Amino acid sequence: MQRLTAESVTLGYDQRVIAENLSVEIPDNSFTVIVGPNACGKSTLLRALSRMLKPSEGRVLLDGQTIHSMPAKKVAKTLGLLPQSSIAPDGITVADLVARGRYPHQGLLRQWSPEDERIVQESMAATGVGALADRYVDELSGGQRQRVWIAMALAQQTPLLLLDEPTTFLDIQHQLEVLDLCAELHETQGRTLVAVLHDLNQAARYATHLIALHEGKVVAEGAPSEVVTAELVERVFGVRSQVIADPESGTPLVVPVARKRAVTAASAVSSASAAPSAVKTL
Amino acid sequence: MKTSTKTSTKTSTKTLAKPLPEASPKSSTGSVRAVRTGGGLSVRVDPRAALVFLLLTGVAFAASVVLIGSGDFRIAPGDVVATLLGNGTAAHEFVVQELRLPRILVGLLVGASLALSGSIFQSLSRNPLGSPDVIGFGQGAAVGALGAIVLFQGTALAVAGGALVGGLVTGVAVYLLAWKRGVHGYRLVLVGIGVAAVLTAVNHYLLTKASLVDATRAVLWMTGSLDGRDWTQVWPLLAAFVLLVPVVAWYARPLRVLEMGDDAAYALGVPVERARLVMMAAGVLLMAAATAAAGPIAFVALSAPQLARRLTRSPGPGLAASAAMGAALLLVADWVAAVAFGDRQLPVGVVTAVLGGCYLLWLLVTERRAGRI
């Protein structure tokens, strides 16, 4: 049995049901990526896995215990989460923000141990923000800021780390930087990572385990090389495509078929140029 | 920022948070230092915030001594201190202990309570405008007090009780109105401003219904003043303060984490809704107790936390520095009222309103420039 699982959960907000009878297992030591179209329930699933959303039926298990009945701090020592949007308080420095990741390990009379200090240093070094320690978070670039938030999640020192769309709002360079960082954390520190990503090709390249969601149901799961096929892409995203081997990594690369209208309007030129441009966006 | 020998107030040296020998000489994590004991206990200390706290406590103490010494019967500052320590003459003893000290204590406690309450709500709403006197609690307390004055011609005690009940009821109402799968900062401020507008209208209505005598009394109460305050105001306020400060201190660390958003707070293991409910309750009680004692003294809750934050340069309004700033601000305003306009011709609320109004204007301009409102 894996450390983090969802057992036939029903998820939703108020009366609106987003997923019903959904079961998911996160393989230990994997870099799991959840993909799917907008509103398929992938962020909702992540919120349920991280204790923020209580399933109306079923349960989420962490190390065999129902996560929603565990003490908040105990969960926070095992399971970290990088939310989609966090607020950096005005005038906080990078080091101070990363230090807040130590919260679940601290108490009223144990506020700042030498270990806290060491882990904060290590987390900043691992994410390459050590040199920014005394800078204010609000004056950093988007990519730097995201690395600072990841450093904070790392400082929490949890074996499991969930990331809700960590690359949204970043340009392509910073997207790759963040994903490389995640891959490195997964490989060198042996943490289990679960991320929600929008870009199927990025997911296929970085994930060791892929979960494809569609309308609140798991359509496919497994290694990207086995799971990502033209049929799956059409079924989940409603897009016809060719799946070829990524010339860089050998992982599946989804090349959408050019839309019919574009072909008739601009003749064969667009269909010829569509494939190279898709490769470039990687 | 290492020496803090400039302040030599006796009351505050005990809380002096000097970096102890075993503290790391140069912390690499920002401005914060840790004070550690052999047993593995450790407390985070920001030296700058500690210094600001000490200086503001010193200012509040100095203003207290000056205010106790001034009036029709003048007492030299040295004699005031001697009397406070129990070494004064009988005449001094009477004037200080019976007439002037309670008024000053009410001022200190009201200033500190208002500022603490403001600090809590500004943190919870993640907005410098999210202060209890902006989001309706002050107005709610006023409805209670005015109701007691106008409808029942109540005693001073009844007015204080009315203010307390009015503040609490408004607190609950705003919480419930703003609640939608948890209370979010922005909604709290917007709902609160709406509630404040409604309650202000109620207050005006009550004034139009009042007799001339009651209306005069009501207007005087609404200005906020320390005049005529004695030990009967001190004790309940002190009790509320002593009971609530430990609660606030206990939840101070979760409050810091809450400033980063609910999701981040959940992820870090903060019991989000419980922490918010407890802190809101403490903030409303502090605000209501202060208003019951001295009337709705304007703008201290709004400005003290932000002024303290600018002095400490810490992220978010710090609780201890805010409280010290509130106490100092209120007494200095009271001193200004006494000096600038003859002996206490002017209630302190007028001075804080003028100062606070200027501050609010400046805040609105800078916040707007920063694109936050």
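Here is the naming used below: chain letters follow the sequence lines, and residue numbers restart at 1 for every chain. Since this is a predicted model, take the numbers as computed values, not measurements.
Only the side chain of Leu97(A) comes within contact range of chain B, judged by heavy atoms closer than 4.5 Å. Within the 4.5 angstrom heavy-atom criterion, no atom of Arg102(A) approaches chain B. Using a 4.5 Å cut-off between heavy atoms, Pro114(A) contacts chain B through both its backbone and its side chain. Contact annotation for Ser86(A): both backbone and side-chain heavy atoms come within less than 4.5 Å of a heavy atom of chain B.
Ranking Pro89(A), Gly80(A), Pro71(A), Ser113(A) against chain B, the residue ahead of the rest is Ser113(A), based on heavy-atom pairs under 4.5 Å. Note: Ile92(A) leads Ile92(A), Val75(A), Val94(A) in heavy-atom pairs under 4.5 Å with chain B. Counting heavy-atom pairs closer than 4.5 Å to chain B, the top residue among Met152(A), Lys77(A), Gln84(A) is Met152(A). Chain A forms the most heavy-atom pairs under 4.5 Å with one residue out of Glu259(B), Met260(B), Arg126(B), Arg256(B), and that residue is Met260(B).
Ser123(A) approaches Leu154(A) most closely through the heavy-atom pair OG-C, 3.8 Å.
Sparse packing is recorded around CD of Glu57(A), with 12 or fewer heavy atoms of other residues, nucleotides or ligands lying under 6.0 Å away. The environment of CZ in Arg118(A) is crowded: more than 12 heavy-atom neighbours from other residues, nucleotides or ligands sit within 6.0 Å. Annotation: Arg310(B), atom CZ; neighbour count of heavy atoms from other residues, nucleotides and ligands within 6.0 Å is above 12.
Partners of Ala173(B) under the side-chain contact (heavy atoms from CB on, under 4.5 Å) rule, at least two apart in sequence or in another chain, do not exist in this structure. For Ser141(A), the side chain to side chain donor-acceptor pair (under 3.5 Å) partners at least two apart in sequence or on another chain are Gln144(A).
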